[in-house]
Every structure is written in structure tokens, then in C-alpha cells.
Number of protein chains: 2
Amino acid sequence: MGTEIQVRAMYDFDGVADNGELSIRANEILTVTRQDVGDGWWEGRNVQGEVGFFPEAYVETLPSVPQPPAIPARNQNTYSSGGQASSWDSSSYNQQQYQKTAYSSSYSYGQTATDGGGGEQGYNFSNSQDDDGWDEDWDDDTSSNYSDRRASQQDPDELAGEGVFGLSAPNRQQPRKPSSHSQSSAGDAKGSGTIRKSLNRFTVFVKSGGENYMLGSAKATVDPRDRMEVVETSDGIQWGKSPEVFSVEIKNPTKASKLKGMKSFIAYEVTPTHTNRSVTRRYKHFDWLYNRLVEKFSVISIPPLPDKQVTGRYEEEFIQHRMAQLQLWMNRMTRHSIVSRADVFQHFLSCGDDKNTWKAGKRRAERDNLIGGSFFLAIETPSTPLDMQDVEQQLDNFGKFIKSMDDSVKTVYNTAHDSSKKHVGPYKREFQKVGAAFNALSTSFELDNTAKSRPLTEAIAFTGRAYDEIGLLFSEQPKNDLHPFMDALHEYRGIIPTFPDILQVHKGAMGKFRECQKLQEEGKMEASEVEGVQQRLETISYATLAEMNHFHKERISDIKVMMQNYLQQQIAFYQQVTSKLQEALIQYDNV
Amino acid sequence: MGTEIQVRAMYDFDGVADNGELSIRANEILTVTRQDVGDGWWEGRNVQGEVGFFPEAYVETLPSVPQPPAIPARNQNTYSSGGQASSWDSSSYNQQQYQKTAYSSSYSYGQTATDGGGGEQGYNFSNSQDDDGWDEDWDDDTSSNYSDRRASQQDPDELAGEGVFGLSAPNRQQPRKPSSHSQSSAGDAKGSGTIRKSLNRFTVFVKSGGENYMLGSAKATVDPRDRMEVVETSDGIQWGKSPEVFSVEIKNPTKASKLKGMKSFIAYEVTPTHTNRSVTRRYKHFDWLYNRLVEKFSVISIPPLPDKQVTGRYEEEFIQHRMAQLQLWMNRMTRHSIVSRADVFQHFLSCGDDKNTWKAGKRRAERDNLIGGSFFLAIETPSTPLDMQDVEQQLDNFGKFIKSMDDSVKTVYNTAHDSSKKHVGPYKREFQKVGAAFNALSTSFELDNTAKSRPLTEAIAFTGRAYDEIGLLFSEQPKNDLHPFMDALHEYRGIIPTFPDILQVHKGAMGKFRECQKLQEEGKMEASEVEGVQQRLETISYATLAEMNHFHKERISDIKVMMQNYLQQQIAFYQQVTSKLQEALIQYDNV
């Protein structure tokens, strides 16, 4: 009753002051002081404080101010350049940026427009280690021997030193804080901003151990069990098929607590088909696994986990949604013939609830020699030499593809997000407005309460309700089509940013090989040595091409399913609308 | 390119001034100065002239300012009362108000949003006699003997004198000018504002000759051929059926000119089924007929003709639309068993192209004795006396019905008008935005031009086009559903305002009867005389009830058809959308 309504003038109106009318200008904002003036007039106050009558039809009511959407990345370069594509290269593109900006608050479909108080639920990606339960339970043996290796993927300061991303936290509430890993790697990074660009450019390559491997200094005995293949098939270069194909089901999220309820967490039941034995895993175990996979496979795309989310963590909807996202992640990892065979992955899936067995497997995984650059030692490739110029061209095109797909996925995602909001807001309102208009007509016809008049009155009332219900259908529809659609895109928004680093490893290897060729020309390196380098480059190339082809295969299948599901749901929706209208239409048969 | 875009802030945003950001407050209006900033940022200027960046998602673009809708009646009484229904009575409601305000600019569907230059086409009602061709051709014998009779329906000055309607022209561009008739009647109106309210209140009653009739002073010989019946049927009191039922087709609008092309006009071919002979009629002939019918039938609803429209008068679309409206008007008159039998109506329909025959019929019609109050002399009613209290109650309810329907028809009309604009604008844009997003995805996928990738790329491109086409379907749809729907409502917006005057005639008669009863009580009037007055009141009551029932019958049938057509078209539309989506879906079968 007492809330003030704000309206925007849509047209100019020259009021007659003597009639108590207020002159208004198009786009002026007015506060309505009376709506019961009658006959199409309202009374309102302008910003100058003048009060008077104006035609109601000349203004549109403004919605009350809801939660704002995310602020986009604050990027000084982007501000000034005006262009987009040209400024992109693989080093300016990484997971950190992706996680810190695009996702952290924009992934909040539906809720925004409807929730009065609850606000947004941001389903973020996160590698954050600030888990309150992290240093407890099974993880009390804090080993630091792997944190350095991971720094190349994790250190935001180093990225800031590039001067390309002056990112700030999207909702401005949490200033970006360096992760524990960036600190542990500060020693070799010599502080932020001091690393020379040329060095920095090969960071991923050098840090992942790619350089060591190329120069032949990575040594490890490879157990035949650990051998991984790249094969040439009619479909091109592919990862060798896994001898055992299985899938994993994640279900029954259970809220549990320890320390007398001071700490609570969700335990999931994880069941792989090949063991058919359920194990219990928490988010932190997934996170541990994720980090092992990232450090082990420098040319395999390991998409980030869904965010841990601090607020509303145990709300049913959130838990279900995160479980669905964990399931998608697990499916993707299971489908990868190399990842799914990895010891650490199998340990995660099959280790029972015995603490010591877990710890043994954990320690073994963390001491794995075949990680990063050394992983290539375990790869067997076809003996056919590759045309290196062709390989470079292919990977260059792939880089462009990834960049372009990143843009278009963002566009589609944002469009879907907008559309989702419009379904919940304006579309619903519009159809309900039509419903209300029919309802008004029916109500006025009620004044002729004769037997001849009543059937029409009732048919119109039915039509009014039908449009009202169609409005509701609109607001419910995103759950059926746009949200699953966005979930699928969301996965790709996590996958895409893993590729620039993968391509960077290859680029680094390529550069190293050329360096060695030059040294040979200058007589500073033996031909046999260079040949070894070349062979190792071929291994990296084969692996990278296999991963590229794996990506495309997955993409085609995923996007196909996403589009089909979306269109099927859209069709079902419009059929439902049509039925509602048909129901309304037959009401007129007995008028 | 150089046009400024105005946006409204939907949320508060605290900009960081050092980043060149602009702080904005919800509902603030900004002018966009750059949209190519990138990454979700725009640059804009606030009203204080400050310029800076803000998130694009925080604002909504305002439409450019279209032609405003009509200004509602400026009614001082309504302003101050706050109530609606209570302040309404038949004297504050009339055709003049209706024609001068509600319609003249609001009836402009569709065009507004799409037309860049052409602007709105206002299809107005008009009784304007300022036809450049009016005083020529067949109408050179300017007779003034009927203009006085019509003054009661025509004189805006007199209405202004009531102090109720301080109307101004809706778009304020054309100050209201008195029609030629208001001048010719100035003599008996004694100038504006000087008529006393009590007298004025019975204006319609007195001027139409109702008072004369009630007092028995209207005398005329009624040819048996001219007798009209009111009958009591199982459906209630009705106008007697016409012995001859026919329909009329209006077609072949032909542009003709005279005075060496100085004057041009449209000639329509008018063909009634009962003569099956086509005659040629111009708008001015319709207008002449309209005025004859209005003066003759004081208790029959004669809806106004479509407006003559001065600008763009010969544009194909306008001509077709006006012809369609004339056809609707003609159908309605033809369906009325009393109107369709009238000599003047038959003369209009059947008189050939001979100038003298036309003139003779014209003169006859203009000298018709059975017009206005005298028309009641021609009416034969059932002999059953009516319960006057019941009649009064019925007509009172009918007045309320008419008022309520007027409001709800306006609501539905405005909703339809809004919805029509939304189809052409935002809905189209939204679907095309979705189409463009899919198109962007497909374009990025083109970068993987392999046989495996291509089918998906093409299916997505197809989907993009499908959504684009659905956008077009949305913008085309109002022509199929909302425009005919609005045309039907438009007719009622013309019919409804004819009733308050009709009810006023009955009220006047009722008052006169009570006056006579009082005179009888005071011994100033003979019982036999009062009995005559009562009988005449019964005749008026029967006629008014017959017209009321006729209205309801027409209303139920018209609105039923309107709703059915609308729903059928809506169903067809959503089925079309569904087909488009189904076409898109099958593209994925061979991916």
C-alpha cells in the first residue's frame, strides 16, 4: 500500500497546469502518488518535486529493483582496444580468468528474477583449497612436494604480471586473495611481475616438466601396466581404447557432520560399474583427484569441478545441482580412455573405507613419477613420422577454433541466460496481462447474467485463465529447456579454458626442438641428440593431436545432444501452449 | 549510426572512478556514448554530463519515443472524485468524447514499431462534414432544414457548456474546431456555457423530439408500409423480423477524380443481394446515410463510420482497411431489422446512377416526418403493459453494463495493442537474438571443417535460421490474430458510446411521465391525457428494450466469433512455431 511506484514516461505530454496536469518528458522518471484518479489519469511527482496528473497510458511502470547481474571483467586493455579477437592469444587465456570472472556470478539462472530475498546462487568453479575440512580426516599428512608442480596452473600473481588481466572479483565483495599455492611457488617465481615475458611464455611448458622431457633429462622406469597408446585410426590420431569400459554413478548425497556438528559436509555414494562396489566420497576427495589429474596429464583437458559454494551449501536444490555437475565431470573423465585407466583415478573409485588403504594409495599417487613431462615417457605412438608443419597448422587452427568457440559459447550462454530471465519475468507477465484483460471482459459481461449471455462470459473467463496458465508455463519452462542447455554449455565453459595451456606445452616443445636444430647447425649439438629431441616432440605431437580429436568427438556428441534436448523441450512446450489454447477454443462451441 | 541510445539503469552500480567507471543508480536514465567497449561494458553519460563505463547488463535500452496514445478525457469531476463507476452517468458519456479522444490516435496498430518514416495511420471515426467534395456533385442543393435536428448529436460547444468535458484533441496538434453544424445550431444553443444544466440534461430527449412525442404533440400520418414492430418472443422483447433479409457487399474501391484531377475520391461498388444490382457510392454518401439514420432512430444504435482520414488517403492499405470497416458497418446496419427496412437505407442501396432519382430520394429522406420522436408514432408494440419499475431497473443495469463493457473493451484493446507492438518489436528481436546466437555457434564450428564436424555445424545453422524465421513469424502474426481482433473491438468502441444517449431518451420520457402524474395529482392534467402519455412511454420502453436485447444478441455473437478467430489464429501460429522447431530437430538425426 505505502510502497512508491516508479514509472517512466514513454512520451512527451504537455499538461494543462490549470487542470492540475503535470507536463512530462519522454524517459523522465516519475513517482506515482495516486492511481485512483480514474478515467486513465494518474497523479505523480517528478524529480523537481512537482505534482500533477498525467495520462496513465503515457508511462510504463518500472519493476522494483532486483538483485543486479554480475559485473563483467574489468579489463583496461579491453576498454581501450575496442577490438576483441586480435588481443587474444593462448597466454592471455586461462582457467584463472575464466573462473574468477565469467562464471562466478553469472551462472545463476532463474533465481534472480523470482527470488525476493534469497538472492543469487552462484555455482562457481573453484580450485580453492580453503575447505574447512581439507586438512583433516584422511588428509592430515600435508605433503608439499606437488604444490610446486601445480603452481604453473594456479598462480594468479604470475598471470597478473603479464599485465593483461587486471581482474577484480566480480561482485566486488571478495578481493582476490592469492591461493596457498601461489605462495608456495613464490620462491621460484621471484615475486609477481618480475618474470621476463620470454621466460613466462614457456611457463606451462617448463613447469609441467615438458622441457626436461624434451631435453631427455626426464628419466623413469615405465611399468608395462602404465603404458598408454596413441593410435592412428581411420578417424585420425586417437588415444588408444581402454581395455575396460565402465561408468560411474554418483548418488545419495548425505549430510554428515563431525567435531560434534561443528563441521558438516556432504558424502556422496560413488559406484563404478566395473567394481560394482559403492564407495563414499566427499567434495574434498574429488578436489584431490582433480589436482592429481591436472598435474599428471599436461596435454589432457581436465575440466574444473563445480564450485564448493559457501553459502546455502546444504540447500537441497544446490546439493542436487552440484551432484549433477559432479556426475557430468565424472562421466567425462570416465569416457577418457587415458584418464579412466590412471592408477589415481582407479584408486579414487575403488578404495574402500579403510583409512590406511586410502592413505597408501594417496601417497603412491602423490609420488607418481609419470606426471607432467614424464608422463610422455609412458606414451607409445605410431612410428610414422609426422609432418611437423602440418601438425603446427592443425594445432594453430585448433587454437583458433577454441578461441572462437569460447566466444560463441559465451554468446549462446548469455542469450540463454537472458532468455531464461525473460521467461520468468516479461513473458510470464505479458501472457498474464492478456489473461487479466480477458478476465476483465468476462467480469464486465457478468453484469448480463442471462442464460444467453452466461456461456460466452464463462468461455472468456476460461480463456483468461488459459492465458494466465500459459504465463506460468513460460516461467516454468526454463527448468525444462534453458537450464539443462546452460548446464551443458557450462561444462564447455570449463573445458575450453584448459586448452590454451595444452597447446602451450606443444608450442614450447616445438620451440625447444628448433633451438636444438640451431645448436646443431652451429655445431654445438650432436645429430643423434637432436634426433632424440625430435622423437620426443613427435610423442608430444601425437598426444596433443589425440587429445584434440578426443575433444572434437566429445564436442560433436555433446552439442548434438544439447541441441536435441533443447529443441525437443521447446517443441513440447509450444505443444502444451497449443493444447491450452485448444481447450479454450472449444469452450466457445456451446456459446 | 549517430542516433543516441537511451537506457534505464535497472540496478545500482558503484563504479570505480579510477577505472573510468560511472556510478549509476537504479532508474537513472543514461545516454549511451559507446557500445563497442567490449566484455559487457558500455560507456554512457548521465544527466549531470558525467561520462564513464558501466555494465551493459545493468541497464535496459529504452525504445525510441513513438507516437503517444490518446490522452484520456480531462474530466474535472473524475479528478476530484477518485471513484469511477459512481461518477459515470449517461450524460458524461457520449459519442463526441469517444470520437475526439479515445480513437483518434490509438488505433494505429503494427505500423508504429516498424515504419521508419511513414508514421502512424490513425483510423479515426469522424462525422466531419469538411469533405472537400461534400458540397458538390449530387449534393449541390445545400438544404439547411435538417442540420438543426442533428445539432443535438453534433454540437461540441454545447457539450463543453456542460462543464464536464474539457476535451482537447488527443495529440494536441489540432485544436478542436467547431463543425459547421455547431454554428448552424448556435442560434438555439445561445452560445456555449449559457444553457442551464437542468435543460441541458434532457437535451437528447428534447432535441430528438422525444418530449414532443411524449406530450402527444408529434403528429404524422404513418403509412402502413412504414410501420415497425416490437414483439414479445421467448427470447424477450425484440424488434420485429424484417420481411426481407439481405446482405450487402462493398468492393472494388476505385480512385476517381474530377475538376481536372483537382479533387479525387474513392468510389465503391455496393451490391445488395435483394436487388442484385451494383450501385456506386462514395464516402460522402455513406456519411449522408449515417446522418439520416442518426436523426431518424433516436433509440437505435447507429455506430459511427470509419474516419475519412486526410493524409495518405489513397494508400492501398488504408483504402482496403477503410473499405473493410465500411463493410462491417454496412453488415451491422443490414442485420438490424428496423434500420435495414428504412426508406433512406433502401434508397442508398438501390438508387441507380441517375442524378435526379438520387436527388428525389435524398429530398424525400430529408423531409421524412417519422424521425426522432416522431419515429415512435410508427412503432407498434405488444399490448401487455410493462412493469415500469422493472423496465427502469433493466435499463439501469444495462447502463452499468455498457459502462463496464466500455472499460473492459478499452483494457482488452489496449492490451492487444501493446501485445501487437511487442510482437513486432521485442518478441521478434528476442527470437532473432536466439537465432543469431546459434548462428554464431555454427560459424565458430565452421573452423573445424571436417566431415565429422560439418553435419552438426549445418544443423545448428539450420536451427539459427529457424529461430530467425520464428522471429519473423512473431512480427507477422498480429496481422492474423491481433489486428482482426482489434478491428472487432474497434467496432464496439464505436457502438458502446451510442447507448448513453439512447438511455437518456428513455430517462427523459420517464421523467416527463412522472411530471404528468404529478400534474394529475395537482389536478392540472386530465387522467385520459396522462394515460396517453403512459402509453407513449410504453412504446419508448418497448423500443428501448428491443434495442437493448438486439445489442446483447449481436454482442454475444460478435464477441464469440472474435474470440474464436483469435484463438484459432493463435493455435495455428503456435503450431507453425512447433513445425519450424520440428524441422530443426530432424536436422540432428544425421549428425
Side-chain angles (χ1 to χ4, degrees), chain A residues 6 8 11 14 19 26-27 29 36-41 55 57-58 62 65 68-69 71-75 78-79 82 84 400-401 404-405 408 411-412 415 419 433-434 437 440-441 444 447-448 452-453 456 463 552 556 559-560 563-564 567 570-571 574-575 577-578 581-582 584-585 588 591, chain B residues 6 8 11 19 26-27 29 36-41 55 57-58 62 65 68-69 71-75 78-79 82 84 172 400-401 404-405 408 411-412 415 419 433-434 437 440-441 444 447-448 452-453 456 463 552 556 559-560 563-564 567 570-571 574-575 577-578 581-582 584-585 588 591:
Chain A
Q6 295 227 290
R8 180 182 73 84
Y11 319 98
D14 296 316
N19 287 0
N27 290 333
I29 302 293
D36 61 352
V37 174
D39 273 18
W41 292 89
Y58 273 53
L62 298 174
V65 179
I71 295 171
R74 287 189 161 88
N75 185 332
T78 318
Y79 282 159
Q84 306 101 341
K400 283 179 189 142
F401 181 93
S404 175
M405 182 169 171
S408 63
T411 301
V412 179
T415 305
S419 180
K433 232 186 256 172
V434 173
L441 190 63
S444 79
L447 292 177
D448 179 18
K452 279 169 290 169
S453 181
L456 176 67
T463 310
H552 275 314
I556 291 165
I559 303 293
K560 171 188 173 170
M563 293 298 293
Q564 282 179 321
L567 287 169
Q570 282 264 291
I571 289 164
Y574 286 111
Q575 281 170 340
V577 170
T578 306
L581 295 170
Q582 278 163 336
L585 179 59
Y588 294 86
V591 172
Chain B
Q6 294 228 291
R8 179 183 71 86
Y11 318 99
N19 287 359
N27 290 333
I29 302 295
D36 60 353
V37 174
D39 275 15
W41 292 88
Y58 274 52
L62 298 174
V65 180
I71 295 173
R74 286 189 161 87
N75 186 333
T78 318
Y79 283 159
Q84 305 101 338
R172 310 179 61 91
K400 282 179 190 143
F401 180 94
S404 176
M405 181 169 171
S408 63
T411 301
V412 179
T415 306
S419 180
K433 233 186 253 172
V434 173
L441 190 63
S444 79
L447 291 176
D448 179 18
K452 279 169 292 170
S453 180
L456 176 67
T463 310
H552 276 314
I556 291 166
I559 303 294
K560 172 188 173 169
M563 293 300 293
Q564 281 180 322
L567 287 169
Q570 282 265 290
I571 289 165
Y574 286 111
Q575 281 170 341
V577 169
T578 306
L581 295 171
Q582 278 163 337
L585 178 60
Y588 294 85
V591 172

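Convention: sequence-line order gives letters A, B, ...; per-chain numbering from 1.
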Original post:
Of all of A:V412, A:T411, A:V434, which one pairs up most often with chain B through heavy atoms under 4.5 Å apart?
Top reply: A:V412
Original post:
How far apart are the closest heavy atoms of B:L581 and A:Q570, and which atoms are they?
Top reply: CD1-CB, 3.8 Å
Original post:
Side chain, backbone, both or neither: which part of A:V577 has an atom under 4.5 Å from a heavy atom of chain B?
Top reply: side chain
Subject >> Side chain / backbone / both / neither for A:T463 at chain B, heavy atoms under 4.5 Å >> reply: side chain
Original post:
In terms of heavy-atom proximity below 4.5 Å to chain B, should A:T578 be classed as side chain, backbone, both, or neither?
Top reply: both
Original post:
If you tally heavy-atom pairs under 4.5 Å against chain B, which of A:L447, A:D448, A:T415, A:V591 wins?
Top reply: A:D448
Original post:
Which region of B:L585, side chain (C-beta onward) or backbone (N, CA, C, O), has a non-hydrogen atom less than 4.5 Å from a non-hydrogen atom of chain A, or is it both or neither?
Top reply: both
Subject >> Value rounded to 0.5 Å, distance of CD in B:Q575 from CD in A:Q582 >> reply: 5.5 Å
**OP:** Look at A:S453, A:A584, A:S419 and state which one has the largest set of heavy-atom pairs under 4.5 Å with chain B.
**Re:** A:S453
**OP:** Report the relative orientation of the aromatic rings in A:Y11 and A:Y58; use parallel for angles under 30°, tilted for 30 to 60°, perpendicular for over 60°.
**Re:** perpendicular
**OP:** Examine whether an atom of A:L441 lies under 4.5 Å from a heavy atom of chain B, and if so say whether it belongs to the side chain, the backbone or both; otherwise answer neither.
**Re:** both
Original post:
Where does A:L456 contact chain B at under 4.5 Å (heavy atoms): side chain, backbone, both or neither?
Top reply: side chain
Original post:
Looking at A:K560 and B:Y588, what are the two nearest heavy atoms and their distance?
Top reply: CE-O, 3.3 Å
Original post:
How close do B:S408 and A:S444 get, heavy atom to heavy atom, and via which atoms?
Top reply: OG-OG, 2.8 Å
Original post:
How many angstroms lie between CZ in A:R8 and CZ in B:R8, if you round to the nearest 0.5 Å?
Top reply: 8.0 Å
Subject >> Donor-acceptor contact present, side-chain B:S404 to main-chain B:F401, <3.5 Å >> reply: no
